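Here's the structure, in structure tokens; my notes come after.
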Amino acid sequence: MKKTLKLALATTILATPAVADTIPVPYNTLNTNMENPLYMPGARVFYSKLSNGLMLKVADDSEAHKDKHHDGATEFPIIRIQEEMGIGITDRLAAHFSVQYTHDDDIQRTGLSAGRLGLTYRLLNLYNGFVWDIYGDLHLGGIGEMRGQYNIAGDAATSQATMAQLTPAVMAGQMTLDQAAKLALGNSLLNASGVIDYDNYSNGMWGFHVGTKVGKVWDKLTTSAFVEVLRTFGDDNSRIRIAGSNAPILPGYSTALVLASMGAPAEVAAEFKSTTEVNAGLNAFYQWTSKWSTGAWFRYEHHADQGIEKITTKVSPELAAVKAALEDKLSDMNDGFDAYIVGLSVAHQFTDHAQVAVYGEYTFDNAHERSQNGTDVKAEMGVRVNFKF
């Protein structure tokens, strides 16, 4: 009996290496190579990925860019810094946090441009290399308020047409010239137009992402695809300065003077509408050696039109009609855009715990007429430093 047990134990020990050798070595990159699109930290493993990029943009000729006299303008360098970190709770469950900071001196716009906090769960992790993840993230846009300046100009044509209509009444002594001018100037504000100069990148709204990712490992090659939905919730976490144009709308009167005479507030808060956005992408990754790897990706991002539900700041009765007209005009800001992003990276594994990657991205976009995100050129290059322990 003892001999039988000893023989069985010896057979098990000798057979174990043979079984282990049948497990594809590249499959281990899922929890060792942090550039792999299916990377998942093991239990109690912490990782950090710090990306430092420089972007070049050339604005397109959208109506919003034309209003700002910015169509065709070049913006460089745009500094983009992103930190992603996470920790494995178990071998199938991980928590992650990411935040991005962007600084664009050419348009005086700076601040947090992205932020997420959530969990990823690996539903499937099959021996043949097939992986299926699901994840949910809190969208951190509500951390900072949306800030900007709304540059507004009354409609001179409307003002002049109103004066022409009222001239017979003035000539007949039915109203004074000042009374006619006041009506004409008020009508010019009912058809006012404007554009926002954004101070930061926050939309001022909280929300959540839900998504799923699938992929497979073939020897040294890994491929994956993902799709996710972002839902934001309308909020008035905004601060918008009001700046009237100094261009004349009637002789001796400008939008700035009319707003001042009517007691317009220096800034307002507006409640923006909830939105639904979609992101999707494909990734390919190749492990050349134990030290070198390459990644390539395509990503699609749909950014919805923004819209104002209401201006929450109280105004004088004299400005109530103007406020209602602005709410109607800005209910659909027609500023959405679709982005199509292609990227490539090369990474070197310096140690078991440290890795450096060089990456580049180019973005093609299709922006709506009032969007300030449309570009003729949008390219970024950067370096990413990865650690785990």
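Here the structure is a predicted model, which is why all the values come from computation and not from measurement. In what follows, residues are counted from 1 in the order of the sequence shown. FYI, side chains are in, hydrogens and waters are out, and symmetry mates aren't considered; it's all heavy atoms of this structure.
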Report summary line: Between E361 and the options R299, R384, K378, the salt bridge (charged side-chain N to carboxylate O under 4.0 Å, His left out) test singles out R299

Query raised in the report: Does the S159 side chain pair with the main chain of A156, one donor and one acceptor, at a distance under 3.5 Å?
Result: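 It does not hold such a pair.
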
Query raised in the report: Side chain of K49, backbone of G86: donor and acceptor closer than 3.5 Å?
Result: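 The answer is no, because no donor-acceptor pair under 3.5 Å joins these two groups.
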
Side-chain donor-acceptor pair present, [X], [Y], cut-off under 3.5 Å:
X	Y	answer
T375	D60	no
T275	T232	yes
T222	N36	yes
R116	S98	no
K68	Q372	yes

**Report entry** Single-linkage hydrophobic cluster, 4.5 Å side-chain cutoff, M262 and I242 together
**Finding:** yes

Requested in this report: Examine L119 and W132 and state if one hydrophobic cluster contains both, with Ile, Leu, Val, Met, Phe, Trp and Tyr joined whenever side-chain heavy atoms are less than 4.5 Å apart.
Outcome: yes

[Y] ring center within less than 6.0 Å of [X] ring center:
X	Y	value
F337	H303	yes
Y300	Y340	yes
F387	Y47	no

Query raised in the report: More than 12 foreign heavy atoms under 6.0 Å from NZ of K216: is that the case here?
Result: yes

Query raised in the report: Does atom OH of Y359 have more than 12 heavy-atom neighbours from other groups under 6.0 Å away?
Result: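 Result for OH/Y359: enclosed.
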
Check [Y] with [X], please: is the shortest side-chain N to carboxylate O separation under 4.0 Å?
X	Y	result
E267	R241	no
D133	R122	yes
E327	K310	no

Query raised in the report: Picking from D197, D67, T255, what satisfies side-chain hydrogen bond (donor to acceptor under 3.5 Å, both in side chains) with N151?
Result: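 Among D197, D67, T255, the one meeting side-chain hydrogen bond (donor to acceptor under 3.5 Å, both in side chains) with N151 is D197.
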
**Report entry** Residues in side chain to side chain contact (heavy atoms under 4.5 Å, CB included) contact with Q82, at least two apart in sequence or another chain
**Finding:** S51, Q100

Query - Selection residues 81-126 - residue pairs positive for ring pair (Phe, Tyr, Trp, His ring centres under 6.0 Å), sequence neighbours left out - result: none

